[in-house]
Amino acid sequence: MPELPEVETVVRDLNKADVVGKKILDISVNWPKSINSHTPKEFKDHLIGKNFDKITRRGKFIHLHLDDGYSLLIHLRMSGHILIKELDEPINKHEQVLFHLSDKLISFHDPRKFGRITLTKNPNTILDKLGEEPFSEKLTSLYLYEKLQSKKKNMKTLLLDQSFIAGIGNIYADEILFDAKISPLRISNTVTKKESVALLNSIQKILKVAIDKRGTSLGTGESNFRSDGKLGDHGQQLAVFRQTGKKCINCTTPIKKIKVAQRSTHYCPKCQK
DNA sequence: AGTGGCCCCTGGCGGC
DNA sequence: TGCCGCCAGGGGCCAC
């Protein structure tokens, strides 16, 4: 489940892999629906011959800037991965879209086919709908506090809302709320200033640890998420996500699993108020 | 403004 | 062992 740390890792990987400045020589589209802005033919006709200028991240979007001013926005959704492959590597059946460069392949690998690639002249039409970046200087605890006061949603729903803060998904939402000792069911406008400070602190801490972990375990394109609830090669144990029934690391109360906004949600009913 | 339901997909798992 | 059926999960969209 790629969230901000995974997407950040992909972007760093692409930048390290010397993709910037490379020309797109050919494109293979094996699953047309992976491209949600154009038909495969239009997509290819536009992109072949273009160069990648810059690669950045915004929320969970990978933003590939092209030398003609257009942009490719890639959203990995549930199961998408970007693989950087040698030209002669065999193609796996889940590789939905492939960009052929002179010396490598950039492959969009997506078994569940939820991910989407958008080619657009105006990426801001999409990106401006996103909330602040978790590490943006604009995201202060006071800003967060005031934004929480202006809503009456439960905290889990708000953290998952990409127009509120960009980049947080189901795993980290649970981990962040546990770390901040705030219940996922807490209504946002009851959160205090002090709790807002803790929340911002937890958002940045949890995401930073995750980004740092991913940095040690990437490159293979394999999912870092494992069903045993561990992340990355070094197996950082999650505090609550998929830890249903296990003892809370703070108070030993069993971790509870509930549904909030159609999402599985894990929390400590004693620690999180 | 906020909530709930549906849809897109398929690997994986529980039940039998 | 094998098969069937169900579900998770991000986000868009629509109805209320």
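In the text below, chain A, chain B and the rest are named by the order of the sequence lines, each starting its count at 1. A quick note: this is a predicted structure, and the numbers were derived from the prediction, not measured.
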| field | Separation of atom CD in Gln162(A) from atom P in dG12(C), rounded to whole Å | value | 8 Å
| Whole angstrom value for the distance that separates C1' of dA1(B) from CD of Gln149(A) | 16 Å
| field | Distance, rounded to the nearest Å, where Asp110(A) contributes CG and dA8(C) contributes P | value | 19 Å
| said: Let's see if you can work this out: which of dG2(B), dG4(B), dG10(C) has an atom nearest to the side-chain heavy atoms of Lys60(A)? | reply: dG10(C)
| field | Nearest-neighbour nucleotide for the Lys33(A) side chain, dG11(C), dG9(C), dC9(B) considered | value | dC9(B)
| When you check the phosphate oxygens OP1 and OP2 of dG10(C), does a side-chain N or O of Arg263(A) lie under 4.0 Å from one of them? | yes
| query | Quick one: is Arg77(A) getting a side-chain N or O under 4.0 Å of the dA8(C) phosphate, OP1 or OP2? | reply | no
| request: Between Ser150(A) and Lys93(A), just flag the one whose closest nucleotide in DNA chain B comes earlier from the 5' side. | output: Ser150(A)
| field | dC9(B) pyrimidine/purine six-ring stacking with Phe114(A), under 5.5 Å and 30° | value | no
| field | Under-4.0 Å side-chain N/O to phosphate OP1/OP2 contact, His75(A) with dG10(C) | value | no
| task | Specify the separation, in whole Å, of atom CZ of Arg116(A) and atom C1' of dC7(B). | result | 11 Å
| task | Would you check if there is a donor-acceptor pair between the side chains of Asn122(A) and Thr120(A) at a distance under 3.5 Å? | result | no
| If you find the nucleotide of DNA chain B closest to Ser188(A) and the one closest to Gln262(A), which residue's nucleotide is nearer the 5' end? | Ser188(A)
| message | When you measure from the side-chain N and O atoms of His94(A) to the phosphate of dC9(B), is any distance below 4.0 Å, counting only OP1 and OP2? | response | no
| Between His46(A) and Asp68(A), is any side-chain donor less than 3.5 angstrom from a side-chain acceptor? | yes
| query | In whole angstroms, how far is the C1' atom of dG10(C) from the CG atom of Leu159(A)? | reply | 15 Å
| task | Enter the distance from Lys256(A):NZ to Gln272(A):CD here, rounded to the nearest 0.5 Å. | result | 11.5 Å
| task | Give the rounded distance in Å between these two atoms: CD of Glu3(A) and C1' of dG10(C). | result | 10 Å
| said: Just the rounded figure in Å: distance from C1' of dA8(C) to CG of Leu160(A). | reply: 14 Å
| Length of the NZ-P vector between Lys259(A) and dT3(B), whole Å | 17 Å
| query | What does Ser264(A) touch in the nucleic acid at a heavy-atom separation under 4.0 angstrom: a base, only the sugar-phosphate, or nothing? | reply | sugar-phosphate
| query | Have Thr265(A) and Lys156(A) got a donor and an acceptor in their side chains that come within less than 3.5 Å? | reply | yes
| request: Ignoring hydrogens and angles, tell me if any N or O in the side chain of Ser183(A) forms a donor-acceptor pair with the backbone of Leu185(A) under 3.5 Å. | output: yes
